[in-house]
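Proteins get letters first, then strands, A, B, ... in listed order; numbering begins at 1 in each.
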Amino acid sequence: MEFELITSVEGSRARAGVLSTDHGEIETPIFMPVGTAGSVKGIHTRDLKEDIKAQIILGNTYHLYLRPGIDVIEKAGGLHKFNRWDRPILTDSGGYQVFSLGDIRKLSEEGARFQSHIDGSYHMFTPESVMDIQRSIGADIIMAFDECTPGDADYQYAKKSLELTQRWMERCFTQFNKTQPKYDYKQSLFPIVQGNTYADLRKAAVAHVKNFDADGFAIGGLSVGEPEEEMYEMTEVATADLPENKPRYLMGVGTPVNILESIDRGVDMFDCVMPTRNGRNGMLFTSEGTINIRNKKWENDHSPIDKNGTSFVDQYSKAYLRHLIISNEMLGAQIASQHNLAFYLWLVKMARQKIIEGNFLSWKKEMILKLKERL
RNA sequence: GGGAAGAUACCGAAGCGGUCAAACGGGGCAGACUGUAAAUCUGUUGGCUCAGCCUUCGUAGGUUCGAAUCCUGCUCUUCCCA
C-alpha cells in the first residue's frame with residue numbers, strides 16, 4: 001500500500017493525499033461508511049459507489065465472525081465478493097466491542113472472552129485469532145486488536161490497559177507477518193494508538209507504534225465519552241509525532257464538526273456510525289445545519305431535503321421524508337442514511353479541495369458555523 | 001316493542017367510595033445517538049399566576065364529610081329476543 005502526500009496547509013496540520021490499495025485509490029482526507037455486518041445499513045453498494053461516492057467501507061471482525069461465520073465468507077471468496085463491493089474495505093478488529101460489550105466480555109493477557117450478543121455463546125478472541133479472521137475476511141486494511149477504554153478511565157487503568165494493548169499489538173504484528181493473504185491482493189495492518197485522555201500515555205503509545213513497519217496508523221479510544229476538547233487535544237498529541245508520510249486514521253469520529261477539526265489536526269481517515277444511525281433515527285446533516293426531520297415544523301415543508309445536496313435522494317421533500325420516518329417506513333431510513341453519507345463524503349471532498357486550493361482554514365471556519373446551526 | 005351490557009383524557013383501555021389529573025398501550029410533541037448488542041433509547045402528553053390552585057371520567061340531578069366509582073332521569077352505542 002502506498003500513500004502519496006499531495007499538499008499540506010500553512011498554519012494547519014491538514015493534508016491531502018492518495019492512498020493506493022489493490023482495490024483502488026482513496027483520496028484523503030476520507031470518510032469511510034461503516035458496514036458492520038457486511039452491509040452499510042440500508043444502502044446498496046451501487047448507491048454507495050455511484051451516488052454517495054464512497055471510496056472505502058468498513059466491516060467488523062466480531063460481527064462477521066459470529067454471523068454469517070468465517071467459513072461462509074471464505075467460501076464466498078472474501079468479503080469483497082460476498083457483499084459485492086469491489087473497492088477497498090477496512091475491518092475493525094473487535095477492539096471496540098471490548099468496550100461496547102462491557103458486561104459480556106472478560107479480558108485477560110491471552111485475549112478477550114466474549115459472550116455473543118446474539119445467542120449468549122462464549123467465544124475467545126486473541127490477537128492471533130483476530131489476525132487470522134481478518135485474513136479470512138480479506139479487508140485491504142485490517143486493524144490490530146486493542147482495548148478501547150471508556151472516556152472516564154482513571155490514569156492507572158488507562159496505563160495498564162495501554163500496556164496490554166501494546167503487548168497485544170506485538171502479537172498482532174508477529175501473527176500478521178507470519179501469515180499470508182488468502183486472496184490475490186495485499187493487506188495492511190494498522191496499529192492503534194491508545195492512552196485515553198493522558199498526553200504522556202498517548203506520546204508513549206505513538207513512540208511504540210512507530211516501531212512497527214506499518215502502512216498507516218490509527219488513533220483509537222476517543223469519542224467514547226470524554227469531553228470534545230480532550231478528544232482534540234489527544235488527536236493533536238498523536239498526529240504531532242506520527243510519521244508524516246503515512247495515513248492517520250481517527251477511529252469512530254465523528255460529527256461533521258469533529259471531522260473538520262480533526263482534518264485540521266492532521267487526520268486523513270475517519271469512520272463513524274453517525275450518518276447511518278442518526279439518519280435512521282431522523283437526524284439529517286446538511287450544509288445549512290442539522291435537522292430533526294421528525295419535528296412538526298417540517299410537516300408541510302415541501303422543499304428538498306438539501307437543495308445543494310449531491311445525492312439524488314436530496315430532491316425528496318422534507319415533508320415526505322418526515323412522513324416516511326414517522327410512519328416507520330423502511331424507505332425513510334434508507335433516504336436519510338443515503339443523504340447523510342452523501343453529505344459526509346461531500347464534506348471531506350470539499351475539505352480536500354480546499355486544502356489543495358490553500359484556503360482550507362477560512363472555509364473550515366465558515367463551514368463549522370453552518371454545521372452548528374440547528375434547523 | 002322487550003331484555004342485557006356499556007359510555008373514562010387525542011385513540012384504545014384499566015380503575016368500581018378517599019392514597020385519582022386518573023394505570024397501561026398506541027398516537028402526538030421534544031431530546032439523545034461518535035471504530036453499530038441501536039429501523040434504538042429517554043423525557044413529556046388537561047389548564048394556570050405551577051412545592052399550590054382550577055376544570056375534567058356521556059348528560060342533568062341526588063346520596064355522602066368525600067363520587068370516575070353508589071342512586072334516579074335523559075341521550076347515545078353495542079348485543080340478544082320479537
Which atom pairs, donor and acceptor, lie under 3.5 Å between side-chain atoms of residues 121-133 of chain A and protein residues at least two apart or in another chain?
| unit_1 | atom_1 | unit_2 | atom_2 | d |
| --- | --- | --- | --- | --- |
| A:S121 | OG | A:D119 | OD1 | 2.6 |
| A:S121 | OG | A:H123 | NE2 | 2.8 |
| A:H123 | ND1 | A:Y65 | OH | 2.8 |
| A:T126 | OG1 | A:E128 | N | 3.4 |
| A:T126 | OG1 | A:E128 | OE1 | 3.4 |
| A:T126 | OG1 | A:S129 | N | 2.9 |
| A:T126 | OG1 | A:S129 | OG | 3.4 |
| A:E128 | OE1 | A:R171 | NH2 | 2.9 |
| A:E128 | OE2 | A:R171 | NE | 2.9 |
| A:S129 | OG | A:T126 | N | 2.9 |
| A:S129 | OG | A:T126 | O | 3.2 |
| A:D132 | OD1 | A:Q175 | NE2 | 2.8 |
| A:D132 | OD2 | A:Q175 | NE2 | 3.4 |

A:T179 vs A:R135, side-chain hydrogen bond (donor to acceptor under 3.5 Å, both in side chains): CA-CA, chis, key distance, verdict: CA-CA 8 Å; A:T179 53; A:R135 285 291 195 196; 3.0 Å; yes
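- Across the strands present, B:G1 finds its partner in B:C81; the criterion is a Watson-Crick or G-U wobble pair with both atom distances under 3.5 angstrom.
- Proximity of residues 49-61 of chain A to RNA chain B (heavy atom under 4.0 angstrom from any strand atom) is restricted to A:L58, A:N60.
- Atom CD1 of residue A:I263 and atom NZ of residue A:K364 lie 10.0 Å apart, to the nearest 0.5 angstrom.
- Grouped by direct or indirect side-chain proximity (heavy atoms under 4.5 Å, Ile/Leu/Val/Met/Phe/Trp/Tyr only), A:W298 sits with A:L284, A:I291, A:I293, A:I305, A:F312, A:V313, A:Y316, A:Y320, A:L321, A:L324, A:I325, A:L331, A:I335, A:L375.
- How far CZ of A:R167 is from CG of A:L162: 9.5 Å, rounded to the nearest 0.5 Å.
- Counting any heavy atom pair closer than 4.0 Å across all strands shown, A:T276 reaches a base atom.
- A straight line from CG of A:N258 to P of B:U34 spans 11 Å, rounded to a whole angstrom.
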Derivation and outcome, side-chain hydrogen bond (donor to acceptor under 3.5 Å, both in side chains), residues A:N60 and A:Q97: CA-CA 10 Å; A:N60 184 280; A:Q97 281 63 44; 3.1 Å; yes
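- Comparing B:G46 with B:A22, their P atoms are spaced 9 Å from each other, to the whole Å.
- RNA chain B is contacted by no residue of residues 230-237 of chain A, taking any non-hydrogen atom closer than 4.0 Å.
- The gap from the C1' atom of B:G2 to that of B:C54 amounts to 46 Å, rounded to the nearest Å.
- Per the geometry, CZ belonging to A:F99 stands 13 Å off P belonging to B:C33, to the nearest Å.
- The pair A:E233-A:R202 fails the salt-bridge criterion, with no side-chain N (NZ, NE, NH1 or NH2) lying under 4.0 Å from an Asp/Glu carboxylate O.
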Protein-to-nucleotide contact annotation, 5' to 3' order, nucleotides 37-46 of chain B [B base; S sugar-phosphate only; - none; under 4.0 Å, heavy atom]: BBBB------
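- In this structure, A:F270 is a member of the same hydrophobic cluster as A:F285, with clusters built from ILVMFWY side-chain heavy atoms closer than 4.5 Å.
- Within residues 238-257 of chain A, the residues having any heavy atom closer than 4.0 Å to RNA chain B are, in order of number, A:M251, A:G252, A:V253, A:G254, A:T255.
- Using a 4.0 Å cutoff on non-hydrogen atoms, the parts of residues 23-36 of chain A near RNA chain B are A:V34, A:T36, ordered by number.
- For A:E109, the CD atom counts as densely surrounded, since its 6.0 Å shell holds more than 12 non-hydrogen atoms of other residues, nucleotides or ligands.
- Counting non-hydrogen atoms under 4.0 angstrom, A:L66 reaches nothing in the nucleic acid.
- Rounded to an integer number of Å, the gap from CE of A:M274 to C1' of B:U36 is 12 Å.
- When heavy atoms are screened at a 4.0 angstrom cut-off, A:E299 is found touching no nucleic acid atom at all.
- Residues forming a side-chain contact (heavy atoms from CB on, under 4.5 Å) with A:V72 (at least two apart in sequence, or on another chain): A:P68, A:F82.
- In this structure, the CD atom of A:Q194 is 14 Å from the P atom of B:G35, given to the nearest Å.
- Distance OH (A:Y65) to C1' (B:G35): 20 Å, rounded to an integer number of Å.
- At a threshold of 4.0 angstrom between heavy atoms, the contacts of A:R105 with the nucleic acid are absent.
- Rounded to an integer number of Å, the gap from CG of A:N292 to P of B:C33 is 12 Å.
- In the displayed structure, A:K159 atom NZ is contacted under 6.0 Å by at most 12 heavy atoms of other residues, nucleotides or ligands.
- You'll find the side chain of A:Y155 reaches within 4.5 Å of the side chain of A:L201, heavy atoms only.
- Residues satisfying the side-chain hydrogen bond (donor to acceptor under 3.5 Å, both in side chains) test with A:E147, not counting sequence neighbours, are A:Y157, A:S161.
- Within the structure, every side-chain polar atom (N or O) of A:N278 is placed at least 4.0 Å from both OP1 and OP2 of B:C33.
- Nucleotides B:G17 and B:U63 have their C1' atoms positioned 12 Å apart, rounded to a whole Å.
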Candidate pair A:S287 and A:K370, rule side-chain hydrogen bond (donor to acceptor under 3.5 Å, both in side chains), full reasoning: CA-CA 7 Å; A:S287 55; A:K370 285 191 198 161; over 6 Å; no
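- Rounded to whole Å, the distance from CG on A:N340 to P on B:U36 is 17 Å.
- A:Y183 and A:F176 fall into different hydrophobic clusters, where Ile, Leu, Val, Met, Phe, Trp and Tyr residues are linked whenever their side-chain heavy atoms come under 4.5 Å apart, directly or through other members.
- Taking atom C1' in both B:G25 and B:C70, one finds a spacing of 30 Å when rounded to whole Å.
- Atom CG of A:N340 is separated from atom CZ of A:R280 by 11.0 Å, given to the nearest 0.5 angstrom.
- Going from the P atom of B:U19 to that of B:A32 covers 38 Å, rounded to whole Å.
- Atom CG of A:L341 and atom P of B:U36 are 14 Å apart (whole Å).
- Residue A:D146 places a side-chain atom within donor-acceptor reach of the base of B:G35, judged by atom type and a 3.5 Å distance cut-off alone.
- Pairing partner, B:G35: none, since no Watson-Crick or wobble contact has both distances short of 3.5 Å.
- The same ILVMFWY cluster, assembled from side-chain heavy atoms under 4.5 Å apart, contains both A:M350 and A:V257.
- Heavy atoms from other residues, nucleotides or ligands lying under 6.0 Å from CD of A:E357 number more than 12.
- Comparing the same atom, P, in B:A30 and in B:U36 gives a spacing of 31 Å after rounding to whole Å.
- Taking the C1' atom of each, B:C53 and B:A13 are spaced 30 Å apart, rounded to whole Å.
- Against RNA chain B, the stretch residues 205-227 of chain A makes heavy-atom approaches under 4.0 Å through A:G221, A:S223.
- For the side-chain hydrogen bond (donor to acceptor under 3.5 Å, both in side chains) test, no residue two or more places apart in sequence or in another chain qualifies with A:R294.
- In this structure, A:L90 is a member of the same hydrophobic cluster as A:L242, with clusters built from ILVMFWY side-chain heavy atoms closer than 4.5 Å.
- A:V224 belongs to a hydrophobic cluster whose remaining members, ordered by chain and number, are A:Y96, A:F99; membership requires side-chain heavy atoms of ILVMFWY residues under 4.5 Å apart, directly or through intermediates.
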